[in-house]
Amino acid sequence: MRAISSMATRQVLADLAEAAEAAGLPRLGIESVGGVDAARRVADGEAFDLVFLARGALEKLRAGAHVGAVTPLMRSQTAVAVPSRDDAPAVYEAGSVAFADAAALREALRGADRIGYSTGPSGVALVEMIERWGLAAELGERLVQARPGIPVARSLAEGEVDLGFQQLSELVGQPGVRILGVLPQDCAIDTVFSGAVAETAEDPEAAAEVLRFFASDRAAPLIAARSFGPAGS
């Protein structure tokens, strides 16, 4: 079986696919690319059995009759990171919040020389929030969008930006970065990643069975281990 996903979930989906296969379900090969590219390829009719993207992107594909019912799988928080002086894998202390509140985040944005953000849903939401705050013109070219498929962590580690925003799961374990914490509650950016059976699936019933496993209680520990939360929380 063949699936496509955005980069943010590539590691946890690999874990889930391995566990599903160990449970006797079909082997699933997952190609992970930039979310925009993944959605385009599915919309263009490329053959996949399963599609894993942010819920909003999948709902758009469903409206176009490219996938079936959308199943929420996991929730990802957006975190903030800065470059680190060593190459130790980045860690996240549970409950850590990067800033006290939205006002503190705004001041941090104003004080940053280069601000990295992703092409995915967290990056889109961050830019929209900056626009709502009236900071878009002030920050201007200091806002640096990562290239499709390139994690913000790499931009931080290579010194291209000095403040980075990305899904927590994309920052944990990466070298050359230090995670400050997730965004404060009054400006949190959470993304629910979901799955759906593609209309091009060769065996829709088998694909649906794999998807049910990914959404089951058996999958929950693997999802939590990759710094994702329950989809409904």
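Note that these values count all heavy atoms, side chains included, but never hydrogens, waters or copies made by symmetry.
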Participant: Could you go step by step and tell me if I179 and V172 meet the side-chain contact (heavy atoms from CB on, under 4.5 Å) rule?
Facilitator: CA-CA 8 Å; I179 300 171; V172 171; 3.9 Å; yes

Participant: Under 6.0 Å from the CZ atom of R178, do we count more than 12 heavy atoms belonging to anything else shown?
Facilitator: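 Counting other residues, nucleotides and ligands, CZ of R178 stays at 12 neighbours or fewer.
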
Participant: Counting only heavy atoms from other residues, nucleotides and ligands, does the tally under 6.0 Å from CD of E202 exceed 12?
Facilitator: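 Atom CD in E202 is not packed in, count stays at 12 or less.
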
Participant: Are V210 and F193 grouped together when hydrophobic residues (ILVMFWY) are joined by side-chain heavy atoms under 4.5 angstrom apart?
Facilitator: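 Yes, because V210 and F193 connect within a single hydrophobic cluster, where side-chain heavy atoms sit under 4.5 Å apart.
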
Participant: For R40 and E46: C-alpha separation, side-chain torsions, deciding distance, then whether salt bridge (Lys or Arg N to Asp or Glu O under 4.0 Å) applies.
Facilitator: CA-CA 9 Å; R40 177 190 57 77; E46 188 171 341; over 6 Å; no

Participant: What's the shortest heavy-atom distance between G229 and I223, and which atoms?
Facilitator: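 Between these two residues, the closest heavy atoms are O-CG2, 4.2 Å.
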
Participant: When rounded to the nearest 0.5 angstrom, what distance separates OG in S96 from CG in L168?
Facilitator: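 Spacing of OG (S96) from CG (L168) equals 9.5 Å.
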
Participant: Heavy atoms, side chains only, cut-off 4.5 Å: are L16 and M74 in contact?
Facilitator: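 Side-chain contact under 4.5 Å: yes.
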
Participant: Compare all side-chain heavy atoms of L135 with those of R110 and state whether any distance is below 4.5 angstrom.
Facilitator: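 Of all side-chain heavy-atom pairs linking R110 with L135, at least one is under 4.5 Å.
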
Participant: Determine the interplanar angle of the F214 and F52 rings, folded into 0 to 90°, and report it as parallel if under 30°, tilted if 30 to 60°, perpendicular if over 60°.
Facilitator: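 Rings of F214 and F52: parallel, as their planes differ by under 30°.
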
Participant: Are V182 and L126 co-members of a hydrophobic cluster defined by side-chain heavy atoms under 4.5 Å apart?
Facilitator: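 No, because L126 and V182 fall into different hydrophobic clusters, even though each may have its own neighbours under 4.5 Å.
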
Participant: For residues Q166 and P151, determine if any side-chain heavy atom of one lies less than 4.5 Å from a side-chain heavy atom of the other.
Facilitator: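 Side-chain contact under 4.5 Å: yes.
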
Participant: Could you tell me the separation between the CG atom of L163 and the CG atom of L156, rounded to the nearest 0.5 Å?
Facilitator: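 So the gap between those two atoms works out to 7.5 Å.
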
Participant: If I take atom CD from residue Q77 and atom CG from residue L171, how far apart are they, to the nearest 0.5 angstrom?
Facilitator: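 Rounded to the nearest 0.5 Å, the CD-CG separation comes out at 12.0 Å.
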
Participant: Checking D44 against R41 for the salt bridge (Lys or Arg N to Asp or Glu O under 4.0 Å) test, could you report, in this order, the C-alpha distance in whole Å, the side-chain angles of both residues, the deciding distance, and whether it holds?
Facilitator: CA-CA 5 Å; D44 285 348; R41 289 169 60 181; over 6 Å; no

Participant: Given 3.5 Å as the limit, does a donor-acceptor pair link the side chain of D186 with the main chain of A102, or not?
Facilitator: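 Present.
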
Participant: Specify the closest pair of heavy atoms between A104 and A100, including all atoms of both residues, with the distance to one decimal.
Facilitator: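 In this case the closest contact between A104 and A100 is CB-N, 4.1 Å.
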
Participant: Quick one: does V67's side chain get under 4.5 Å of V42's, heavy atoms only?
Facilitator: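 Yes - at least one pair of side-chain heavy atoms lies under 4.5 Å apart.
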
Participant: Between S227 and S169, is there a side-chain donor-acceptor contact under 3.5 Å, judged purely by atom types and distance?
Facilitator: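 S227 and S169 do not have a side-chain donor-acceptor pair below 3.5 Å.
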
Participant: Which heavy-atom pair separates A215 from T71 by the least distance, and what is that distance?
Facilitator: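 Shortest heavy-atom contact: CB-CG2, 3.9 Å.
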
Participant: Evaluate the salt bridge (Lys or Arg N to Asp or Glu O under 4.0 Å) criterion for residues D113 and R142: first the C-alpha distance (whole Å), next the side-chain angles of each, then the deciding distance (0.1 Å), finally the verdict.
Facilitator: CA-CA 6 Å; D113 291 328; R142 286 189 282 158; 5.7 Å; no

Participant: Salt bridge between R114 and E160, side-chain N to carboxylate O under 4.0 Å?
Facilitator: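 Salt bridge absent between R114 and E160.
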
Participant: Please say yes or no: joined through hydrophobic side-chain contacts below 4.5 Å, possibly via intermediate residues, are V124 and V144 part of one cluster?
Facilitator: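 V124 does not cluster with V144.
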
Participant: To the nearest 0.5 angstrom, please state how far the CZ atom of R2 sits from the CG atom of L50.
Facilitator: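 R2 CZ to L50 CG: 12.0 Å, rounded to 0.5 Å.
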
Participant: To the nearest 0.5 Å, tell me how far T119 OG1 sits from I150 CD1.
Facilitator: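 One finds 9.5 Å between OG1 of T119 and CD1 of I150.
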
Participant: Would you indicate whether the side-chain heavy atoms of R75 and T191 approach each other to under 4.5 Å?
Facilitator: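 Counting from C-beta outward, T191 and R75 never come under 4.5 Å.
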
Participant: Decide whether M129 and L109 are clustered together by the hydrophobic rule: side chain heavy atoms of Ile, Leu, Val, Met, Phe, Trp, Tyr closer than 4.5 Å, transitively.
Facilitator: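 Same cluster: M129 reaches L109 through Ile, Leu, Val, Met, Phe, Trp or Tyr contacts under 4.5 Å.
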
Participant: Measuring from atom OG1 of T9 to atom CD of Q167, what distance do you get when rounded to the nearest 0.5 angstrom?
Facilitator: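 Going from the OG1 atom of T9 to the CD atom of Q167 covers 9.0 Å.
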
Participant: Do L211 and L73 have side chains that get closer than 4.5 Å, going by heavy atoms?
Facilitator: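 Yes, close enough: below the 4.5 Å cut-off.
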
Participant: Transitively linked via ILVMFWY side-chain contacts under 4.5 Å: F48 with V70?
Facilitator: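 They do share one cluster, since a chain of ILVMFWY contacts under 4.5 Å joins F48 to V70.
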
Participant: Apply side-chain contact (heavy atoms from CB on, under 4.5 Å) to the pair R226 and D15, showing each step before the final yes or no.
Facilitator: CA-CA 9 Å; R226 289 291 186 179; D15 294 344; 2.7 Å; yes

Participant: Could you tell me whether the side chain of I130 reaches within less than 4.5 Å of the side chain of L139, counting heavy atoms only?
Facilitator: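 Sidechains of I130 and L139: in contact.
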
Participant: Keeping Y117 on the side-chain end and G120 on the backbone end, is there a donor-acceptor pair under 3.5 Å?
Facilitator: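 No: the side chain of Y117 does not pair with the backbone of G120.
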
Participant: Which heavy atom of V177 sits nearest a heavy atom of A153, and at what distance?
Facilitator: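 Nearest pair, atom of V177 first, then A153: CG1-O, 3.5 Å.
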
Participant: Would you indicate whether the side-chain heavy atoms of L53 and S6 approach each other to under 4.5 Å?
Facilitator: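 Result yes, sub-4.5 Å side-chain heavy-atom pair found.
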
Participant: Using a cut-off of 6.0 Å, state whether more than 12 heavy atoms not belonging to R147 lie near its atom CZ.
Facilitator: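 No, the 6.0 Å shell around CZ holds no more than 12 heavy atoms from other groups.
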
Participant: Please report the C-alpha distance between I4 and V33 in whole Å, then the side-chain angles of each, then the deciding distance to 0.1 Å, and finally whether the side-chain contact (heavy atoms from CB on, under 4.5 Å) criterion is met.
Facilitator: CA-CA 8 Å; I4 192 167; V33 298; 4.0 Å; yes

Participant: Taking it one step at a time, do V152 and F165 satisfy side-chain contact (heavy atoms from CB on, under 4.5 Å)?
Facilitator: CA-CA 7 Å; V152 173; F165 297 79; over 6 Å; no

Participant: Measure across A23 and R218 and return the closest heavy-atom pair with its distance rounded to 0.1 Å.
Facilitator: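 Looks like CB-NH1, 4.4 Å.
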
Participant: Between R10 and E170, does at least one N-O distance fall below 4.0 Å, as a salt bridge requires?
Facilitator: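 Result for this pair is yes, salt bridge flagged.
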
Participant: Are more than 12 heavy atoms from other residues, nucleotides or ligands located less than 6.0 Å from atom CD of E18?
Facilitator: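 Counting other residues, nucleotides and ligands, CD of E18 stays at 12 neighbours or fewer.
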
Participant: What closest approach, in Å, do T200 and A47 show between heavy atoms, and which atom pair accounts for it?
Facilitator: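 The pair with the smallest heavy-atom distance is OG1-CA, 3.5 Å.
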
